[in-house]
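Let me begin by presenting the structure, written as structure tokens, before commenting on it.
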Amino acid sequence: MKTNHRMMSLSAALLAAMAIAAGSVIAGEPSKGDKGAAPAAKAGGNEASPKGVKIGDKAPDFTLKDTNGKEVKLSSYTGKIVVLEWFNDDCPVVKQAHEDKSTMVNIASEFAPKGVVWIAIDSTNTKHANYGVNKDTVKSWGMDYPVLQDPDGKVGHAYGATNTPHMFIIGKDGKLAYKGAIDNDQRHEKPAAERVNYVKQALNQLTNGETVTEPETRAYGCTVKYGS
Amino acid sequence: MSALRLRFLSLCIAFAMFALGGLATSRANAAPPDGNKLVKFKLVTSASVLAPGQQGWLGVVFDIEPGWHIYWRNPGDSGVAPGVTFDAPSGVTIGEAQWPTPERHVSEGLVDFIYTGKTMLLFPVTLDSGAKVGGSLTISAHVSWMVCQNVCVGGEGDGKLSLSIASQSKPSPDSPLVDRFLALVPKPLKSPADSVAASWNAGALILKAPGAQQITWMPYEYESVPRGPVDILNDGVSATGELRVPYGAAAKEEPMIRGVVQVRRKDQTTSYVVEVPPKSS
């Protein structure tokens, strides 16, 4: 399924073959990362509060690499509104948000002319079955914004990202202005009149210089696949 | 070393690399789990024959692969509740889903409300009193779900069932199964008859069940964080007969705080639907 997984596996096989040639022993990797992490490691090693950044707090800076190896530094967008979308292209809820009505890409392109920067972040740990971003998928979803790799989950924990998708909006002042769900319709059953896209609502308010009226909603979706 | 042996050796290495590559590829490329195989569903009904004006039950039975789970109406910190949409002819009224009490499941500091094994969503179905006796009707449903273990996958499908209309209702062979799951749907709390009391005090929901070994609070779905419980991980369960669940500052704007309380007394566990207006008393 995952093209780049295949590439990685082939390189791994090559490395393995080289290791055999060098007389090394290859042991099976225990899959301890698969079943979930020990919470103690998370709580202890986290500078931010266990729940992550709060509304009105300064958004933690980070530098992460995108799928092409290019570094992206949050503070290089100082003065702009930045949307962070926690991402995992294998999560059915992420798929839905990208495939059903191209929700993410449509909002990103609607607000790009107003100077809004959109960044996806994947905090899946390297041992998880969902690890890796399928470039073909990202392309087929029309995502022309970067997907940053956060395999050790540092950035995810600093923000308190718990779900995919989990949405964060940073205001022009560098402070967190929104945290939560993409919309209020997780079962996709609400009539159009009752449907609220929280991210769109917050971006409309922020780009008009208004206060975000619903700054903290409950994210829904898969868990972020953090490692230990 | 002869040229032939060298060629043989390089062939062997090439083969080993190919084999290893194949192994590694198949591991990483193992097809993602199929949500339609991990969860099987079927539509059942309490009555194969329904009389005009009578109410029966439609059930969506989910059979879930061991080790995997699907979600309650409020999935909790992750997950998505299953969705069921019916297509029924006129003269048939299908009511709101009734959800059996779920299990509270904690993993990596996140609280989810889940179903494992087998569960059923139940929907009251009523025939118009003017429905024509002697006919039959077909109800179809589209069912979708998210099923998770270490990874999550989606699944969906369509089902349908027929009901005959006669002057006298008749139970279907699935009626005992429907009854079994109806018994797991929490009933509205009636204090003091149920020996459980729910009240609101100083921004918190207070649940009291004297003599209980455990009280668990499972709030219905909510969207605004400041309107929900502050910390369902630490405040959602008590090991005594009293549970205090602090709510966010905006909870008082809600007309009613709703959810299910589960009370364990010795070897008996009972659940009730609780509705409390968030006004300090």
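Protein chains get the first letters and strands the later ones, always in sequence-line order, with residue 1 at the start of each. FYI, side chains are in, hydrogens and waters are out, and symmetry mates aren't considered; it's all heavy atoms of this structure.
For the pair Lys95(A) (side chain) and Val153(B) (backbone), a donor-acceptor distance under 3.5 Å is absent. Of the possible donor and acceptor atoms, none in the side chain of Arg187(A) sits under 3.5 Å from a partner among the backbone N and O of Val84(B). Proximity of a side-chain donor or acceptor of His128(A) to a complementary backbone N or O of Val151(B) within less than 3.5 Å is not detected.
Contact between Gly76(B) and Arg218(A) at its shortest, heavy atoms only, is O-NH2, 3.1 Å. Considering all non-hydrogen atoms of both residues, Leu110(B) and Thr162(A) come closest at CD2-CG2, 3.9 Å.
Looking at Lys225(A) and Cys152(B), their side chains come closer than 4.5 Å, going by heavy atoms from C-beta outward.
For Glu214(A), the part lying near chain B is the side chain, with the backbone staying farther off; criterion is any non-hydrogen pair under 4.5 Å. Contact annotation for Val80(B): both backbone and side-chain heavy atoms come within less than 4.5 Å of a heavy atom of chain A. Neither the backbone nor the side chain of Cys148(B) comes within contact range of chain A, judged by heavy atoms closer than 4.5 Å.
Under the 4.0 Å criterion applied to side-chain N and carboxylate O atoms, Lys190(A) and Glu223(B) are assigned as salt-bridge partners.
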Run the numbers on Met146(B) and Val93(A) for side-chain contact (heavy atoms from CB on, under 4.5 Å), then give the verdict. CA-CA 9 Å; Met146(B) 181 160 126; Val93(A) 186; 3.5 Å; yes
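Atom CD of Glu96(B) has 12 or fewer heavy atoms from other residues, nucleotides or ligands within 6.0 Å.
Note that OH of Tyr220(A) is 13.0 Å distant from CD of Glu221(B), once rounded to the nearest 0.5 Å. One distance of note links CG of Asn163(A) with CG of Asp77(B); it measures 7.5 Å at 0.5 Å rounding.
Comparing Ala250(B), Gly83(B), Ser224(B) by heavy-atom pairs within less than 4.5 Å of chain A, the highest count is held by Ser224(B).
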